[in-house]
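Notes for the one structure printed next.
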Amino acid sequence: MKLKMRTAMLASAAAALLVSTVPASVHPHVFAEARLDVVLNPDHTVKSLRHLWRFDDLFSSTVLMEFDKNSDLKLDDTELKEVANTIYTSLAEYGYFQIVTSNGKDVKMKPPAHLMANYENDQLIVLFESEPEQPLKLSGKIDFGVYDPTFYTAIDFTEDANMSVADLPPMCTKQVIRPDPDTAIAQNQSTLTDAFFNDPTGTDMSKIFATRLELNCTAKG
């Protein structure tokens with residue numbers, strides 16, 4: 001499988017959680033540790049989401065082999081730019097696997113202006129930043145996270161501190177939600193059809209299993 005096909009199927013932590021509830025063939029093949037920083041404007045609207053994904057050694061070595069054109073066992077700036085462009089293009093149709101909702105409604109995000117790739121300590125690191133299409137006020141419940149309907153890669157927030165928001169106003173509280181698979185299935189039983197279990201990659205239901213940062217704000221920002 002070409003790297004472009006692999007990068008088109010980067011996934012969220014939902015992949016690991018679904019192992020016991022979907023066919024055995026659906027499981028993650030690539031793993032990454034993630035960080036998500038929510039950046040706020042002075043007027044208490046969301047300015048941007050900053051993502052960092054650090055990939056496992058096996059996938060990173062595959063990237064090195066496929067993009068190290070001069071065979072010097074490292075990725076120079078030109079090669080890293082090609083890696084970044086490949087991932088950027090591949091993930092575009094998936095919205096870069098971002099979950100953003102405001103009071104239960106999906107929030108549209110602008111495509112990142114660009115994506116950066118680094119290769120440090122034998123690991124591929126991907127960074128990008130995106131902004132809401134429309135002003136997103138801190139009002140009610142707002143959720144942020146990462147998911148992928150293909151279940152190909154597990155992007156895991158290993159610590160709650162890896163999902164953060166700076167300068168949160170006093171009217172808001174925050175918590176990291178890590179859904180229990182059984183509870184998530186029970187709460188969404190009416191929408192989890194036979195089609196989902198027969199072909200989960202053809203649905204958008206994997207986001208109910210994704211780890212997310214939840215903000216609850218009692219008044220408009």
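Below, all heavy atoms of this structure are taken into account, side chains as well, without hydrogens, waters or symmetry copies. Because the structure is predicted, anything quoted here is derived from the model rather than measured.
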Give the intermediate values and the outcome of side-chain hydrogen bond (donor to acceptor under 3.5 Å, both in side chains) for residues H114 and E129. CA-CA 8 Å; H114 61 278; E129 185 172 6; over 6 Å; no

For atom CG of N121, decide whether the heavy atoms of other residues, nucleotides or ligands shown that lie under 6.0 angstrom number more than 12. no

Taking atom CZ of R50 as the centre, report whether more than 12 heavy atoms of other residues, nucleotides or ligands fall under 6.0 Å from it. no

Tell me whether R212 contacts the main-chain N or O of V100 through its side chain, where contact means a donor paired with an acceptor under 3.5 Å. no

Do L49 and Y94 sit in the same hydrophobic cluster, where Ile, Leu, Val, Met, Phe, Trp and Tyr count as joined when their side-chain heavy atoms come under 4.5 Å apart? yes

Under the side chain to side chain contact (heavy atoms under 4.5 Å, CB included) rule, what do F31 and D156 come out as? Steps first, then yes or no, please. CA-CA 8 Å; F31 301 86; D156 187 20; over 6 Å; no

Considering only NZ, NE, NH1 and NH2 on the basic side and carboxylate oxygens on the acidic side, decide whether K110 and E131 come within less than 4.0 Å. yes

Mind checking whether D77 and K81 have side chains closer than 4.5 Å, heavy atoms only? no

Between OG on residue S102 and CD on residue Q134, distance to nearest 0.5 Å: 12.5 Å

Sub-4.5 Å side-chain heavy-atom contact between D57 and Q123: yes

Is it true that the side chains of T45 and D43 contain a donor and an acceptor less than 3.5 Å apart? yes

Taking every heavy atom of E79 against every heavy atom of F67, the minimum-distance pair comes out as CG-O, 3.2 Å

Worked check of side chain to side chain contact (heavy atoms under 4.5 Å, CB included) between E82 and K69: CA-CA 11 Å; E82 185 178 353; K69 304 302 183 183; 3.8 Å; yes

Validation row: P112, Y88 side chains within 4.5 angstrom (heavy atoms): yes

Nearest 0.5 angstrom please: L75 CG to L124 CG, how far? 8.0 Å

A quick test of your reading: do over 12 heavy atoms of other residues, nucleotides or ligands sit less than 6.0 Å from CG of N70? yes

Can you see which heavy atom on S60 is nearest to which on D122, and at what distance? CB-O, 3.5 Å

Donor-acceptor pair, D68 side chain versus L73 backbone, under 3.5 Å? yes

Spacing of CE belonging to M163 relative to CG belonging to L213, to within rounding of 0.5 Å: 5.5 Å

Cluster link M116 to L52, ILVMFWY, side chain under 4.5 Å: yes

Taking a hydrophobic cluster as the set of Ile, Leu, Val, Met, Phe, Trp and Tyr residues connected by side-chain heavy atoms closer than 4.5 Å, whether directly or through intermediates, do V39 and L115 fall within one such cluster? no

Indicate if M171 and V46 have the same hydrophobic cluster label, given that clusters are the connected sets of ILVMFWY residues with side-chain heavy-atom separations under 4.5 angstrom. yes

Do L127 and I87 sit in one hydrophobic cluster, given that two such residues count as connected whenever their side-chain heavy atoms are within less than 4.5 Å of each other, even indirectly? no

Can a donor-acceptor pair be found, under 3.5 Å and without considering hydrogens, that links the side chain of N41 to the backbone of H44? no

Could you measure the distance from the CG atom of N162 to the CZ atom of R54? Nearest 0.5 Å is fine. 10.5 Å

Test item: V107 and T101 side chains (from C-beta on) under 4.5 Å apart, heavy atoms: no

Answer yes or no: is there a side-chain heavy-atom contact under 4.5 Å between N216 and I142? no

Flag the pair K47 / L40 as yes when at least one side-chain heavy-atom distance between them is below 4.5 Å, and no otherwise. no

Student check: side-chain heavy atoms of L215 and F144 closer than 4.5 Å: yes

About how many Å separate OG1 of T211 and CG of D143, when rounded to the nearest 0.5 Å? 12.0 Å

For V146 and Q98, what are the C-alpha separation, side-chain angles and deciding distance, and is it a side chain to side chain contact (heavy atoms under 4.5 Å, CB included)? CA-CA 5 Å; V146 179; Q98 299 174 104; 5.7 Å; no

Stepwise, does the side chain to side chain contact (heavy atoms under 4.5 Å, CB included) test hold for L138 with V165? CA-CA 12 Å; L138 298 184; V165 52; over 6 Å; no

Do the rings of W53 and F97 sit parallel, tilted or perpendicular, given the 30° and 60° boundaries? parallel

CD1 of I155 to OH of Y147, rounded to nearest 0.5 Å, is 12.5 Å

Any donor-acceptor N/O pair, N118 side chain to I125 backbone, under 3.5 Å: no

Flag the pair R178 and D160 as a salt bridge only when some basic side-chain nitrogen lies within less than 4.0 angstrom of an acidic carboxylate oxygen. yes

Do the rings of F128 and H51 sit parallel, tilted or perpendicular, given the 30° and 60° boundaries? parallel

Looking at side-chain heavy atoms only, is the closest gap between F55 and V126 below 4.5 Å? yes

Begin with the C-alpha distance, continue with both residues' side-chain angles, and end with the deciding distance and a verdict on side-chain hydrogen bond (donor to acceptor under 3.5 Å, both in side chains) for S164 and D37. CA-CA 5 Å; S164 71; D37 293 301; 2.4 Å; yes

